[in-house]
Amino acid sequence: MNKDAAYWIALAHLPRWGRLKINNLIIKFYHKNKLTPEDFFQLSVNDWKNNYDLEYKEIEDLEKAKSELANSAFLAESLLNEGYEIIPITSSEYSKTLKDNLKVAHAPALLYVKGNRQIMQEKSIAIVGSRNTSEISLRFTDNIAKLASKEYKVIVSGFAKGVDKQALDSAIKYKGQSIIVLPQGIMTFGSGYKKYYKQIIDGDVLVLSTFHPKAPWKVELAMARNPIIYGLAAEIYVAESSDKGGTWSGVIDGLRKNRKIFVRKPEESEKNANHLLIQKGAIPIDFNGKTIKDYVPVENKDLFSSMNEPMADYEKKIIDFLRNGEYAVKDIIKKFNLNISEKKLRDFLKSHKEVEILNKKPLRFTLKRNIEQQKRLFDQ
Amino acid sequence: MNRQEAENILKRTFDIDRFYNKQWGTIEKILKGERVLLIEKTGFGKSLCFQFPAIMFKGTTIIFSPLIALMRDQVKNLNSLGIAAKCINSEQTPEENSQIMSEAKEGKLKILYIAPERQENSEWIEATRQMSLSMVVVDEAHCISVWGHDFRPSFRRILNLVNLLPKGMPVLATTATATKKVEADIAQQMGGNLTIIRGNLMRENFRLFVIKVNSEDEKLIWLGKNLSKLPGSGILYTGTRVDTEIYSKWFEYLKISSIGYNAGLDPDSRIAIENGLMKNQWKCVISTNALGMGIDKPDIRFIIHTQIPQSPVHYYQEIGRAGRDGEPADIILFYNPEDRDLPEAFIEGGRPAIPKYEKVIEAVKSELLGERELMRRTNLKQTQIRVIKADLVEQKIIREVTIDRSKKFEYITGAPKLNPKAFEELRALKTADLEKMIGYVETTGSRMKYLCNFLGDSDNRFFKNCDNTGLQKLKVAITPDWTEKLQAYRENYFPELKVETKGSNLVNGVAASYYGVSNVGAAIHRSKYENGGDFPDFLLRFTLKAFRKKFGQEKFDMILYIPPTKSGELVKNFAIKISQVLKIPISHNLRKQRQTSEQKVFENSYLKADNVRDAFTYNNPTEIEDKSILLIDDIFDSGATVKEIGRYLINSGAKKIAPLVIAKTVGGDLT
């Protein structure tokens, strides 16, 4: 399969094609017409047009990709030499769980991996949750990882702070196996390989990415990675979620796709959106992952969505507000009648990825223009 | 494009009237996007086979070549023809290389030469993503094969690259020296759809001689007498770096214009010597085989080997650099039956023992390590680590990865066990090749034919171009005047101890002799390890002579000696005698403040430096202030101890420190 690496890289990253379109093309030439990617790229433009119902723009994309195959070959050589591997969707080594869960519309055409590929064929669970999370969620994560490792189930996680990191560390602690799904290109995980060297060479950890191998970490990639985590797992355990952000939208998306999702039933004192998810169809479980049969729905007014994050209640509103113009912290506090200090709000705004700081006196804040589309997901 | 059209362009661009048939045959296929392996002798015009298509293509042609000198020459030639060509190599600054990559990305270059090792560089890989690539050329393609005489692991990567390149992308691999076995290996590795074009390898203009001798002296004397009489200028190849020094000092002594060259020189000196060679600045350049590969000098008139090469392929490759202009060139090989020891040692000792491999595997299994860390963990020499590393990569047990810009070795999950049989096979092949090389000395037939047969040439013509087929045999005649001259030279030649660094007060010193080259080593060994008593007086005489030659009337304020690791007064007594003769006061105040191990226990300079770090102290440091110090020891190896003491004394205010020793070992661990 490696011989075709340059072709697969070219196919998988056809700009703006979307996975469905790419997969449909692969199905057509590979499964129906029994062509290798090399054969396919050797076809004439006429063949592409007539036999593959491709439009002018698409053919142009393919021609461009074809002209860059040599470039992809240089990249592929470097990739393979460093011990990364590529697994195209046509390969028997491609995770069946992922294919079944994401189907032709969402399954990535190419996986980049390093480590023990066999892990992808094992039974797997994902443990997900927020970056800023409570102690109990971390203990829950640890416990679920322990139970899963005992049953030789692989733990899939996303290498974010909080629950993700706990899931990975616990899997290692209990000598289980893990898949790390990267929010970046496989070749940019430098120090991670140093840290998990022993686990990787011992075959206990597989690092996986679906992005261009050299792509640096980005919010978009972190978001796009979530469905891959859910897709790679047969069961999904939610430690903690707020009513927005990556975990929330991931679970909602999963429920829409009829996935079985287990959510930890929170203690009464906890403030999170776990109850809300359960009401939307997730299955309530206890600390040991057992389904709670006698779950009593909580009244709507008691459904807390805020988490242990500063400003969580108002984040969304403030960010929305910033779209209208430039504001100093004073204006914002006044507008929303907030009960916090100026410093706290300023720190929050400074640390927020979507907020642009304007160096005026007093400091003004506004929204970065180019990342508006990510705003609803800013938990990541 | 037909041949006529192509030759019109050829005339306009290269000022050459026409292609040879084999050149055109190759070019035609390349222009059609095919893959070709071209085996042709030096001087045939292989480079035209890629340079011409390169200027026909729209994008940039990448040429992988291991030879920096060749890159430089070809780029110069192409530029003088108005063709946009550049090279990226380690002798240029990173800024220069980056600039060239930018030009390539902007499509400003037709031809880009690059060393195969560059494939390990992430900036380069990044840059290739944005280039318009039209063809890939693998020069010196025999380096792909472990069965070749010059296998280079970095070529493995180039081969992998070639196999990943899309169909329709032209690839040309070229070499002047490939046996049938190597040819088949290259072809198999490059995959199907490869056309092999092989020319005949005969070089009619060579005049091949073998001079059988019984000692090193005979070689030195023959050369002393005859080198000046050979027509033109040329190259003398020796077996070791030390020999380049000994021969070049001998010629210097005889006032024959010559210069020594080896791979250990800094790039500027190397370039200066290569340029001087091009301009016939010296009668002779004395070198290890590091020099000359790829130097495009048409009129090298002689090539002499004082040491028999490892195989006929090595020999053919090395003499191939002579007489590219087709005019006669003298090719002389000295052979003393003892000379086979060096290549034999190389073949036998070239591979570290199996436990050392296991040690490396174990270390890499437990931790991600760089070369330096690995040397510390395993106490192995750098040269050995590199051999082991290359073998383990070859056997797919470890791989080299780049983590945060530094190179590390990584164990490959599920790797196979070490297979020592592969080494045995290679060793057997190399031994057989060495026998074939000695067969060249012993043959009574045509020597040219002998070489060509070995290389798988099918040409059946007969040539009268050697001392077995018509040329007068060369013989050595020893006369007393020359024996005396050689003796006088020997007694006046002392190896330098290179310890100087910029801005330091530690200056280069001198040794009376090389350890193991003369009777000096044996004498030291008797005193040190066989209870032979004090170092004999002739060592004192030699050492004083070396001192006078190197330092003349330079003034020293005091003598210090290096305190021994094990009890023993040898060096102390020796230093006292020197102090008495030179009338320089001696101090016994340099002491060890902690126990160290004997330096010879450590295989590499990192561990040697660790062993002696902060180990020395001086009882009354004010004595040292502003003093010129002569520092005495018996044997100088890596220099780690001298450097450590030098550092300490400088910190205590010493003005100058110069080492003086009886013997310098040959080699050192980092060469």
Open item on the list: Applying side chain to side chain contact (heavy atoms under 4.5 Å, CB included) to A:V156 and A:V181, what does each step give before you reach the verdict?
Closed with: CA-CA 7 Å; A:V156 185; A:V181 186; 3.7 Å; yes
Open item on the list: Is there a salt bridge (Lys or Arg N to Asp or Glu O under 4.0 Å) between A:K57 and A:E55? Walk through the geometry before answering.
Closed with: CA-CA 6 Å; A:K57 177 73 184 72; A:E55 285 167 19; over 6 Å; no
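With a 4.5 Å cut-off on non-hydrogen atoms, A:K198 touches chain B through its side chain but not through its backbone. Using a 4.5 Å cut-off between heavy atoms, B:T402 touches chain A through backbone and side chain atoms alike.
Heavy-atom proximity under 4.5 angstrom to chain B picks out A:I200, A:I201, A:G203 from residues 199-211 of chain A. Of all residues spanning residues 359-369 of chain B, those with a heavy atom less than 4.5 Å away from chain A's heavy atoms are B:V364, B:K365, B:S366, B:E367, B:L368, arranged by number. Near-neighbour residues of residues 154-174 of chain B relative to chain A, defined by a heavy atom under 4.5 Å from a heavy atom of that chain, comprise B:R157, B:N160, B:L161, B:N163, B:L164, B:L165, B:P166, B:K167, B:M169. Residues of residues 123-132 of chain B lying within less than 4.5 angstrom of chain A, judged on heavy atoms, are B:W124, B:I125, B:E126, B:T128, B:R129, B:Q130, B:M131 in numerical order.
A salt bridge is absent between B:K108 and B:E103: the closest approach of a Lys/Arg side-chain nitrogen to an acidic carboxylate oxygen does not fall below 4.0 angstrom. Using a 4.0 Å cut-off between charged side-chain N and carboxylate O, A:K64 and A:E60 make no salt bridge. A salt bridge between A:D169 and A:K165 is present, with a side-chain N of the basic residue lying under 4.0 Å from a carboxylate O of the acidic one. One finds no salt bridge joining A:K114 and A:E82 here, because no Lys/Arg side-chain nitrogen approaches an Asp/Glu carboxylate oxygen to under 4.0 Å.
Just one of A:L25, A:I59, A:D53 meets the side-chain contact (heavy atoms from CB on, under 4.5 Å) condition when paired with A:W48; it is A:I59.
Judged by the 6.0 Å and 45° rule, A:K66 forms no cation-pi pair with A:F41.
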